[in-house]
Amino acid sequence: MRFQAMQAAGVVIALAASGNAFAGTFEQTANGIVVKPDSGAAKEVRLELMDDNILHVLKLDASGKALTPSLMTIAKPCTCAFTVNRGGDTVTLKANRIAAAVSLATGSVQFSDAGGKPFLSQASESMRPIDVEGKPFVTITEGFNHGTKDAFYGLGQHQNAQMNLNGEDVLLAQHNMDVAVPFVISDKNYGVLWDNNAISRFGNPRAYGPMKRDLKLDMTARYYVGGKLALTRKEDDIAYQYLKDVAENWPRELGPIKNLKDVKVVWDATLASDKPGVHKMQLYASDYATLTINGKQVMDVWRQGWNPWYHNFEVKFEKNKPVKLHLEWKPSGGMVAITHNDPLPDAERHSLTLSSDIAQGIDYYVVRGDSMDKVIAGYRHLTGQAPMMPKWAYGFWQSRQRYETQQQLLDTLHEYRQRQWPLDNIVQDWFYWPENAWGSHDFDKVRFPDPKGMVDEVHRQHAHIMLSVWGKFYDTTANYKELLEKGHMWTRNVENGALDWVGPGYKNTHYSPYAPEARDIYYRQMKHKLVDLGFDAWWMDNSEPDVLSNSRPVDFRKLIGPTIYGAGEITYNPYSLVHTQALIDGLRRDQPDKRQFILSRSGFAGIQRNSVAVWSGDVASRWSNLYEQISAGVNFSMSGIPNWTHDIGGYAQENRYQYGDLGSAQENRGTTGAKIDPADLKEWQELNLRWFQFAAFSPLFRSHGEVVKREIYNIAPEGSEMRDSMVWYLKLRYRLMPYIYATASDTYYNAGTIMRGLVMDFPGDERVKDIKDQYLFGHDLLIAPVYTYGARERSVYLPQGASWYDFNTGALYKGGSTVTVAAPAARIPVFVKAGAIVPTAPVSQYVDEHPDAPITLQVFTGADGQFSLYEDDGVSLGYTRGESSRIPLRYDDKTGTVTIGARSGQYPGMVAKRVFKIQFIGAGTAAAQSFDKADKQVTYEGKALTVKR
């Protein structure tokens, strides 16, 4: 929502602050106030109530400036009651649950709760004019709470193992593995939604730059080819960050790098700075890279060559004292660089500071709640509620890059059904079209002779099918030409003659989805050829969009524009929001009572309203990447977007892991297929097993990757502990479906979060606030993934304020303690909160195979507890019309009584009569081994029942 006009409410108030003839003025409006301060960066400050706990703030460099409508927000100003009072040089707007005081002198804003206690105070601000292709904009920074100890979370999904973001720098720029969502939430129950579409930053507003920008640098590079030293030279930086950098900076005397084998580059450097303190730095790398600082290895990383990204590290500098840097890089198509930023003053380092490269003004929303869940509810009020996903979306997804024929896909589904392994969803990834026809929406007639028959067969076997669709088009397709004719196709990439990686390479680009007409055309082009075939879900890949990988930023921004809003860099981040809108608007129009499901590689504030889940991109098959997914998923979920997933086992793997009957690789990369070293095979299998165990407790449970086939029967040998464990966790997912689906329903009814940071449920426990490797799955299950090769135990912190059962052993622990627990290869540590009521069901082959099956209530004694069991038809929009049911469950520990409350609500097809089994879990009872046992059993027909232990 942007301010379009400000209507005065009754008499206009324009007062001068006492004693200053040039003091600022203010005006009360129907929904807030407009302040014109005497000084400061902003010439006009507008405050507008969006709810009685949400304020919209807009600061402009010119009074009366009109803005383009917001893409991320959809809420309208409220008609909430509020008062406006002036005291000295401050005017205060006060609503029921939030207040803001604006300085008439400077325009600075301080936010307070209903009791008048400040929680967010502006401490710095800048607006600097810039020119973007001949049009005026501003570069902006807004800082709050300098020197704060508040913990911060959210901001999307980032791959640097960051949990509490206080003191961290976070770049908000869409990338294959990085998702920018400019919403930050505090453990002190407030949040800030930063309404800006351009590249933005949390923390240091100064962009990271090459080392030579800030540091004194003396560096020698040694180039080895075929194991022999081929060249030694002085270099002024490590400058291979983008493809053009490699082409321009690679030593000419060695010849083109693509023609060289067994290459290694070693840099030895002395760094110095006249600014003492902790300097934040980043290794940007793909392929193998090992970094050592002052003789200590700080990083040993690998990513697939075409997909480099940042790895954060810190270096402590003393004034002008040398720091030794040693970097070894083994390129095979990849890139490398090191970036740096000078330290900030401590008060600024520990603050809530947001900045953007391009803006029309400083535009943000402040949400105040009485819990972090309520703050997320405020975010969804502003940007749109998350609809219910189909129930089957919470079952198991089997995918691969890629099923090359429809028969391969159907054979995979048949294998799962034959083995009686649960599966709800099968996925057809990209390249089902003819090689030269990307964007045609045609199926290759040889490999996919009957796509409608394929879809029907999947449905006959009680499964669902998702299809990959892109915003990318070859310039020879009719769809490209239609969008081009209407002015909705970005053409620079085609004009440049850039070729993609398919076959001989084809000219291509993406469409611009920012205009309603473009979105309508995109959907219409898909409807007859794809939508009408009956696909159940849609995989909108490459939705950042990555028009040309590894382009220099100055070149890339020209590839993603213009749009109806101007140059491409103005709308750098929201492509996925408007792109998914193209599909969801059409689907909702043509399938008005069907729940939709879209999977997107990118996301932005508001994308949850489009029935979108997001996955973490093409992450690498490395233990460090598994570790990074934990905090990435938790912070993404705390950004207000509840449905998230990741590629089990990582998308791309090192050649040493490639063996056996291999699938395809993207980017025309070769695969080895060689006989694998037994040690590498052991590690590969354990990595995939540990990732699978983590995924069983992720919002969406999805297996995907390239080259090495990921189906359980392909990756886990028959009779192996690995296979037994994978199948056990697969079945556990389905046993827990009543718990999972009820938790998922909370995302719609209560703006809930499935994958929860520990701080959300235990805000008073300081020790949970920066735990990066644990989380809550729902409110009751604490998950501690194992992410270290060979680990057979791990330490787990159990939050204070509850007692905790070891799900695997039955051991009972008091909260507020760190325990070391067994983590055999077949199990990861899972704990259940005392007082929890966890509803479970028998194993099924798909989520609603047996809707009338008994439900077992595992009651973890030792504290009072409650749970709300939710049911609906799982597929329609009936829930929006009240067609659902809830059964309240309560446990009184003192009396040992379970109350199964009276059912509220109903829906067509509801199971009116069912059996509940109750199992009382006490110390020493391993819940993981007790699903089929029961202490009590009752038949329930909708009226309240009590069961005593």
Side-chain angles (χ1 to χ4, degrees), residues 1 49-54 56 69-78 80 154 156 179 181-183 185 191 193 195 365 367-391 393-394 537 574 576-578 580-581 583-585 587-589 591-600 603-614 636-644 699-700 740-756 760 778 868 870 872-884 886 905 907:
M1 169 67 198
L49 269 173
M50 307 303 293
D51 205 340
D52 67 0
N53 67 324
I54 304 173
H56 181 196
S70 173
L71 291 174
M72 66 175 67
T73 62
I74 59 174
K76 304 296 182 185
C78 70
C80 314
V179 179
V181 180
F183 173 65
I185 183 172
L193 177 65
D195 197 343
Y365 299 79
V367 181
R368 179 66 175 176
D370 56 15
S371 68
M372 295 180 76
D373 283 297
K374 294 299 184 183
V375 177
I376 290 173
Y379 158 84
R380 298 216 191 122
H381 172 77
L382 291 169
T383 64
Q385 299 299 334
M388 287 283 289
M389 292 296 194
K391 187 176 182 180
Y394 297 101
S576 61
L577 177 65
V578 287
T580 57
Q581 184 183 344
L583 186 52
I584 197 64
D585 284 352
L587 292 172
R588 287 173 176 166
R589 181 176 62 248
Q591 302 169 353
D593 199 38
K594 179 180 178 180
R595 292 190 206 177
Q596 304 297 339
F597 181 94
I598 296 172
L599 181 64
S600 172
F604 194 59
I607 202 168
Q608 74 282 344
R609 67 178 181 251
N610 292 345
S611 295
V612 172
V614 173
F636 183 78
S637 297
M638 293 169 73
S639 305
I641 305 171
N643 290 292
W644 177 84
L700 300 173
I740 293 169
Y741 192 55
T743 300
S745 76
D746 200 45
T747 66
Y748 171 75
Y749 288 97
N750 298 304
T753 300
I754 301 170
M755 190 175 189
R756 305 173 60 81
M760 296 184 74
S868 177
Y870 176 84
D872 60 21
D873 67 18
V875 294
S876 80
L877 299 186
Y879 72 94
T880 66
R881 302 185 292 270
E883 296 172 8
S884 63
R886 284 197 180 272
Y907 59 94

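Hydrogens, waters and symmetry mates play no part in the numbers below; they use all other heavy atoms, side chains included.
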Closest approach of Tyr748 to Pro387 (non-hydrogen atoms, all atoms of both residues): CD1-CA, 4.1 Å
Partner set under side chain to side chain contact (heavy atoms under 4.5 Å, CB included) for Asp746, not counting sequence neighbours: Asn750, His779
Shortest non-hydrogen separation from Ile598 to Asn610 and the atoms involved: CD1-O, 3.7 Å
Thr747 OG1 to Met388 CE distance, which is reported to the nearest 0.5 Å: 6.5 Å
No-hydrogen, no-angle side-chain donor-acceptor test under 3.5 Å, Asn643 and Tyr394: yes
Val375 vs Met638 side-chain heavy atoms within contact, under 4.5 Å: no
Point-to-point distance, once rounded to the nearest 0.5 Å, from OG1 of Thr743 to CZ of Arg756: 9.0 Å
Under 3.5 Å: donor-acceptor pair, side chain of Asn53, backbone of Arg368: yes
Heavy-atom check, side chain of Val367 versus side chain of Leu193, under 4.5 Å: no
From CD (Gln591) to CG (Asp593), nearest 0.5 Å: 10.5 Å
Test ring-ring contact (aromatic ring centres under 6.0 Å, His included) applied to Phe604 - qualifying residues, sequence neighbours left out: none
Within-4.5 Å side-chain heavy-atom neighbours: Ser884 and Tyr749: yes
Distance, nearest 0.5 Å, that separates CZ of Arg609 from OG1 of Thr383: 6.5 Å
Test item: Asp873 side-chain N/O and Val875 main-chain N/O as donor-acceptor pair under 3.5 Å: yes
Residues in side-chain hydrogen bond (donor to acceptor under 3.5 Å, both in side chains) contact with Ser611, at least two apart in sequence or another chain: Arg588
Residue list, side-chain hydrogen bond (donor to acceptor under 3.5 Å, both in side chains) with Arg380, at least two apart or on another chain: none
Tyr379 and Gln608 side chains, donor-acceptor separation under 3.5 Å: yes
Trace of the side-chain contact (heavy atoms from CB on, under 4.5 Å) decision for Asp52 with Cys78: CA-CA 8 Å; Asp52 67 0; Cys78 70; 5.9 Å; no
Shortest non-hydrogen contact between Leu577 and Leu71, atoms and distance: CD2-O, 3.3 Å
Contact summary for Leu587 and Gln596, nearest pair of heavy atoms: CD1-OE1, 3.5 Å
Ile54 CD1 to Leu49 CG distance, which is reported to the nearest 0.5 Å: 9.5 Å
Residues which pass side-chain hydrogen bond (donor to acceptor under 3.5 Å, both in side chains) with Asp872, listed by chain and number, not counting sequence neighbours: Arg595, Tyr741, Tyr870
Spatial distance of atom OH (Tyr365) from atom CE (Met72) [nearest 0.5 Å]: 8.5 Å
Closest non-hydrogen atom pair, Arg886 against Ser745: NH2-OG, 3.1 Å
Non-neighbouring partners of Ser637 that pass side chain to side chain contact (heavy atoms under 4.5 Å, CB included), sequence neighbours left out: Thr753, Met755
Closest approach of Gly156 to Ser639 (non-hydrogen atoms, all atoms of both residues): N-OG, 2.8 Å
Side chains of Ile641 and Phe636 in contact at under 4.5 Å (non-hydrogen atoms): yes
Whether Ser600 side chain and Gly603 backbone form a donor-acceptor pair below 3.5 Å: no
